[in-house]
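Please read the structure below before turning to the comments.
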Amino acid sequence: MSGQSTKPLSFIEELTWRGMVQDIMPGTSELLASGPVRGYIGFDPTSDSLGVGNLVQVMILLHFQRCGHQPVALMGGATGMVGDPSGKSAERNLLSEEQLRANLEGQRKQLEKLLDFTPGPNQALLVNNYDWFKEFRFLDFIRDVGKHITVNYMMAKDSVQKRLETGISFTEFSYQLVQGYDFYHLWKHHGISLQMGGSDQWGNITTGTELIRRMEGGEAFALTTPLIKKADGTKFGKTESGNVWLDSSKTSPYAFYQFWLNASDEDAKTFIRIFTIKSREEVESLEAEHAAAPHQRALQKELARDVTERVHGRAEYDKALEASDILFGNAPVDALSRIDEPTLLAVFEGVPQFTVPKSDLESGIPLVELLCDRASVFPSRGEARKLVLAGGVSINKQKVVDPAFVQTTDGLLQGRYLLVQKGKKNYYLIIAD
RNA sequence: GGGGAGAUAGCCAAGUGGCCAACGGCAACAGACUGUAAAUCUGUCCUCUUCGGAGUUCGAAGGUUCGAAUCCUUCUCUCCCCA
């Protein structure tokens, strides 16, 4: 029961109550208290889309901006060519330059949507470290930068230590120096004095602050966020079908919405603090609401709404919500058949679809064949059969338990669609054409 | 270089001539219960299957045997101890 919002929280206070601070370099909060600061976070272009895991860093930048500081997102056009050994147990494959460019472009678009780039004193900025590395000659680099850091210092880093047994190429070993130089460059030429990132970046960040100190006697700061894990200890950001991406062609808005909606109660409390900018009061009142009526899942719904809307926009959220209502709501079975065709197609946009000739369906297709050979719902007939017997398959929301069932055109929605449900949460649409 | 231990399914791990497609556990998937939660209970979990079965596995290759994950030979790799 704190008083009403008196004065706005500082950046550190904001992150602290949200549980987003892992490590912070001494002097950082004094720096931030002294006035607007420029700070940056690097994004590794290993994919053409950011994943929900990267969203943590985006949120950090967003809070940073909202607290009056200036956020800078660094695209790793150069570092991406080297490969960060942090958290990797084996040498990585290098990305082709072409791939790298495509990845940068994809991520750039997403970042531009998530941060506020409207011109102003603390508008977000985007930089690419390739810009200052492309002209940097190897000999110059090892003379001007390499000279300031000892191999002993670099070897002491966790990311390197962990690879000493199994091996690490010179390329990956050098990574921290390349990233460290970024920090130096940004500090020197762009007045950036703070680098943030995930806790696995601590080593790389401190190489940067060290470089700044040794090359120019300057001072720079660091802040890292904890690694996000689910309450059951498993990795955050993955589902059965893989990574959850921000790109709607890789993870449909519907699947994205479902990802957040499916968070456990415990996780929802953590996630709503990290992935939304809701105030402490709002979060606590949602928690109270949730505790009073857990089955309403106010936390999950609000979390999913907030994040989906921010990433995919209002229209996509509405569609995802509608689809979820239809698929999981308690609407009577015949509600399904009343949905008009455009709505149906919009709802199932993010659901795998298969087409079978209508004429085949007229003569009837055995269920197992339909789900395995005609539509890749199952990889083998045996498997299809087993799950049907186990009661895990529904068509048009009605359970089918007879593996010998023959599907005909009877019951086609709108005369041409079949909604197949495998388990509780996996939907497929079969179109009779 | 000398000595020892080991390699079994996605992971951990039992099995040391037939009863072994291989005990357990974890993970995963499904069902029940619920709230699209957690916990719990149940089922599935090498591949295919017309659910009757069929096929291919126990580091690799050969061999002994009616029969091998299990015995023998060679090879590959991992770990530990001594130098």
Side-chain angles (χ1 to χ4, degrees), chain A residues 89-90 164-167 229-244 251-273 275 286-305 307-308 317 319-331 333 335-336 347-348 350-352 364-373 376-395 397-406 419-428:
Chain A
S89 56
L164 249 29
E165 287 285 325
T166 51
K229 272 188 165 179
K230 292 195 280 181
D232 60 10
T234 56
K235 238 188 214 148
F236 165 78
K238 293 222 188 269
T239 62
E240 193 200 321
S241 40
N243 249 18
V244 179
T251 299
S252 70
Y254 163 75
F256 187 84
Y257 176 78
Q258 283 287 323
F259 167 77
W260 297 102
L261 195 69
N262 275 302
S264 68
D265 289 8
E266 212 170 330
D267 287 335
K269 286 181 197 167
T270 317
F271 295 170
I272 204 156
R273 285 168 165 74
F275 296 102
L286 270 169
E287 279 174 352
E289 192 186 322
H290 184 95
H295 60 282
Q296 296 293 332
R297 296 187 307 142
L299 275 172
Q300 284 92 336
K301 284 180 182 166
E302 193 46 27
L303 168 68
R305 184 198 63 75
V307 184
T308 307
Y317 160 72
K319 278 198 258 177
L321 180 66
E322 192 181 359
S324 300
D325 275 348
I326 290 168
L327 296 178
F328 294 100
N330 297 321
V333 176
L336 202 58
V347 159
F348 294 114
V351 156
I365 304 174
L367 182 64
V368 170
E369 184 191 328
L370 178 68
L371 299 185
C372 175
D373 304 334
S376 332
V377 175
F378 291 96
S380 80
R381 291 182 173 203
E383 211 167 300
R385 194 186 177 79
K386 273 179 198 163
L387 201 66
V388 169
L389 282 169
V393 175
S394 297
I395 290 196
K397 300 228 76 170
Q398 280 191 302
K399 212 159 257 193
V400 183
V401 284
D402 176 15
F405 175 76
V406 175
L419 176 63
V420 179
Q421 191 175 2
K422 175 174 98 178
K424 199 171 285 185
K425 296 173 191 169
N426 305 298
Y427 287 93
Y428 305 84

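Side chains included, hydrogens not; waters and symmetry mates left out as well; all remaining heavy atoms used. Bear in mind the structure is a predicted one, so any value in this text is a computation, not a measurement.
Residues A:Val401 and A:Leu389 come closest through the heavy atom pair O-CD2, 4.2 Å. The shortest non-hydrogen separation linking A:Val368 to A:Ala384 is CG1-CB, 4.2 Å. Between A:Ser380 and A:Cys372, the shortest heavy-atom contact is C-SG, 3.5 Å. Summarising the geometry of A:Asn243 relative to A:Thr251, their closest heavy-atom pair is O-OG1, 3.7 Å, with the distance given to 0.1 Å.
Atom-to-atom distance recorded for A:Lys269:NZ and A:Gln300:CD is 10.0 Å, nearest 0.5 angstrom.
Distance A:Asn262 CG to B:rU34 P: 19 Å, rounded to the nearest Å. We find that CD of A:Gln258 is positioned 13 Å from C1' of B:rG35, with the value rounded to whole Å. Separating the NZ atom of A:Lys422 from the C1' atom of B:rU36 is a distance of 17 Å, rounded to the nearest angstrom. Rounded to an integer number of Å, the gap from A:Leu389 CG to B:rC51 C1' is 9 Å. A:Glu383 has its CD atom 11 Å from the P atom of B:rA30, to the nearest Å. Taking atom CG of residue A:Leu286 and atom P of nucleotide B:rA37, one finds them 20 Å apart after rounding to whole Å. Atom C1' of nucleotide B:rC51 and atom CG of A:Leu367 are separated by 16 Å, given to the nearest angstrom. Nucleotide B:rA37 holds its P atom 15 Å from the CG atom of A:Leu299, rounded to whole Å.
Using a 4.0 Å heavy-atom criterion, one finds that A:Glu266 contacts no nucleic acid atom at all. At the heavy-atom level, A:Arg381 lies under 4.0 Å from the strands shown only through sugar-phosphate atoms. Residue contacts shown for A:Gly391 are limited to sugar-phosphate atoms, with no base heavy atom under 4.0 Å away. Here A:Leu261 lies in heavy-atom contact (under 4.0 Å) with a base. Contact annotation for A:Thr234: no contact, since no heavy-atom pair falls under 4.0 Å across all strands.
The partner of B:rG55, taking Watson-Crick or G-U wobble pairs whose two distances both stay under 3.5 Å, is B:rC46. When Watson-Crick and G-U wobble pairs are counted only if both distances are under 3.5 Å, B:rG1 pairs with B:rC82. Across all strands shown, B:rC77 pairs with B:rG6; the Watson-Crick or G-U wobble distances both stay below 3.5 Å. Base pairing of B:rC71: its partner is B:rG63, meeting the Watson-Crick or G-U wobble criterion (both donor-acceptor distances under 3.5 Å). Pairing for B:rA32 goes to B:rU40, judged as Watson-Crick or G-U wobble with the two contacts each under 3.5 Å.
B:rA21 sits 13 Å from B:rA54 when the C1' atoms are compared, rounded to a whole Å. B:rU76 sits 39 Å from B:rC26 when the P atoms are compared, rounded to a whole Å. Using atom P as the reference point in both B:rA69 and B:rG18, the two lie 10 Å apart (nearest Å). With both ends at atom P, the span from B:rA22 to B:rU44 equals 13 Å, rounded to whole Å. B:rG10 and B:rU42 have their P atoms separated by 25 Å, given to the nearest Å. For the P atoms, the distance linking B:rG53 with B:rG35 amounts to 42 Å, nearest Å. Taking the C1' atoms as reference points, B:rU40 lies 30 Å from B:rC46, given to the whole Å. Spacing between B:rG52 and B:rC45 at atom P, rounded to whole Å, works out to 14 Å.
With hydrogens and angles ignored, no donor-acceptor pair under 3.5 angstrom links the side chain of A:Gln300 to the base of B:rU36. No donor-acceptor contact under 3.5 Å links the side chain of A:Lys386 to the base of B:rU47.
Nearest to the side-chain atoms of A:Lys424 among the listed nucleotides B:rG35, B:rG31, B:rU49 stands B:rG31. Comparing B:rA30, B:rU36, B:rG35 by their closest approach to the side chain of A:Asp265 singles out B:rG35.
Taking only side-chain nitrogens and oxygens, A:Ser264 never comes nearer than 4.0 Å to OP1 or OP2 of B:rA38. Regarding contacts with the backbone of B:rA30, a side-chain N or O of A:Asn426 is found under 4.0 angstrom from either OP1 or OP2. Dashed line: the shortest gap from a side-chain N or O of A:Lys399 to OP1 or OP2 of B:rA32 is under 4.0 Å. An OP1 or OP2 oxygen of B:rU49 is reached within less than 4.0 angstrom by a side-chain nitrogen or oxygen of A:Ser380. The side chain of A:Arg385 contributes an N or O atom lying less than 4.0 Å from OP1 or OP2 of B:rC51.
Both A:Val368 and A:Asp232 lie near RNA chain B, and the one whose nearest nucleotide falls closer to the 5' end is A:Asp232. When the nearest nucleotides of RNA chain B are assigned to A:Gly382 and A:Lys425 by heavy-atom distance, the more 5′-ward of the two goes with A:Lys425.
If you look at A:Phe271 and A:Phe259, their ring centroids are not closer than 6.0 Å.
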Report the C-alpha separation of A:Tyr254 and A:Tyr317 in whole Å, then their side-chain angles, then the decisive distance to 0.1 Å, and conclude whether the ring-ring contact (aromatic ring centres under 6.0 Å, His included) test is met.
CA-CA 8 Å; A:Tyr254 163 75; A:Tyr317 160 72; over 10 Å; no
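For the pair A:Lys422 and A:Phe378, the cation sits on the ring face: its NZ or CZ lies under 6.0 Å from the ring centre, inside 45° of the axis.
Glycosidic conformation, B:rG52: syn, with the torsion inside 90° of 0.
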